[in-house]
Amino acid sequence: MKNYMLIFMIGLFLIPFQVQAQLLEVKQTVFGMDCAPCAYGLEKRIKQIDGVQSASVSLNDGLLTTNLTKDNQLTLQRIRKAVEESGFKAKEANITVKGTVTQDKSGKLILETIAGEQFTLKSEEQKTLDDISKAKGSVTITGKAETSDESGTKLWVDSVDKTKA
């Protein structure tokens, strides 16, 4: 019995570790900021979230830029919730996500973060999705995130980088 346990434990270390996706950067459009103290308050609030490396708010552009730590477990929904709890409206977001891609039963490409958040990958060009589906290992994807109650979060792919993974 001890031999089986030892073999099992050794086997766990030999199984390749699969890195799941994680957010690297979020550029969130924010409506409702009309003064410098509002922007400062939002920036301060976002910087307090575990996993946030840096945050800056542009009052003129209505844009919150958040850079995240290497091993964060944040979700886009958590960042949006913090924006809304600060009294503002979170609109569209451009994000950069790193990780592996899987295909669900219906053939859709799905990117899942270590925090359990899922992104359905979309593109205007089918070739882009075909290239992503053939990728081995990790990829870094940048695109526009759209959230809806009925279909989850879609990520419209702008670029794919297989080398930065």
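Just the heavy atoms: all of them, side chains too, but no hydrogens, waters or symmetry mates, feed the values below. Residue numbers start at 1 and run along the sequence shown.
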Heavy-atom distance under 4.5 Å between the side chains of [X] and [Y], does that happen here?
| X | Y | value |
| --- | --- | --- |
| Thr75 | Lys81 | no |
| Val157 | Ile132 | yes |
| Thr120 | Ile110 | yes |
| Ile95 | Phe119 | yes |
| Val26 | Arg80 | no |
| Leu68 | Leu24 | no |

Using 0.5 Å steps for rounding, measure from the [atom1] atom of [X] to the [atom2] atom of [Y].
| X | Y | atom1 | atom2 | result |
| --- | --- | --- | --- | --- |
| Gln103 | Leu121 | CD | CG | 10.5 Å |
| Thr29 | Asn94 | OG1 | CG | 7.0 Å |
| Glu25 | Thr66 | CD | OG1 | 8.5 Å |
| Leu109 | Lys122 | CG | NZ | 9.5 Å |

Tell me yes or no: between the side chains of Asp158 and Thr142, is some donor less than 3.5 Å from an acceptor?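 No pair is found: no donor N or O on one side chain lies under 3.5 Å from an acceptor on the other.
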I would like to know whether Asp131 and Val160 meet side chain to side chain contact (heavy atoms under 4.5 Å, CB included); could you show each step before the answer? CA-CA 9 Å; Asp131 288 345; Val160 179; over 6 Å; no
Give a yes or no on whether Val139 and Trp156 share a hydrophobic cluster (residues Ile, Leu, Val, Met, Phe, Trp, Tyr; joining criterion: side-chain heavy atoms under 4.5 Å apart).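 In one cluster: no.
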Distance-minimising heavy-atom pair for [X] and [Y]:
| X | Y | value |
| --- | --- | --- |
| Ile79 | Ile46 | O-CD1, 4.4 Å |
| Ala82 | Ile49 | CB-CD1, 3.8 Å |
| Phe88 | Phe31 | CB-O, 3.4 Å |
| Thr147 | Thr153 | OG1-OG1, 3.6 Å |
| Lys47 | Ala55 | CE-O, 3.1 Å |
| Gly51 | Leu74 | C-CD1, 4.0 Å |

Determine whether a donor-acceptor pair (N or O, by modelled atom type, separation under 3.5 Å) exists between the side chain of Gln28 and the backbone of Lys91.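 It does hold such a pair.
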Taking Leu63's backbone N and O only, do any of them form a donor-acceptor pair with Asp61's side chain (distance below 3.5 Å, no angle check)?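 The answer is no, because no donor-acceptor pair under 3.5 Å joins these two groups.
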Should the heavy atoms of other residues, nucleotides or ligands under 6.0 Å from [atom1] of [X] be counted, would the total exceed 12?
| X | atom1 | value |
| --- | --- | --- |
| Gln126 | CD | yes |
| Asp104 | CG | yes |
| Glu125 | CD | no |

Mind running side chain to side chain contact (heavy atoms under 4.5 Å, CB included) on Lys89 and Glu84 for me, showing each step along the way? CA-CA 6 Å; Lys89 182 73 176 162; Glu84 292 181 2; 4.2 Å; yes
According to side chain to side chain contact (heavy atoms under 4.5 Å, CB included), who are the partners of Ala39, at least two apart in sequence or on a separate chain?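 Ala39 satisfies side chain to side chain contact (heavy atoms under 4.5 Å, CB included) with Met33, Val57, Leu59 only.
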For Lys134 and Asp130, what are the C-alpha separation, side-chain angles and deciding distance, and is it a salt bridge (Lys or Arg N to Asp or Glu O under 4.0 Å)? CA-CA 6 Å; Lys134 295 175 189 172; Asp130 292 342; over 6 Å; no
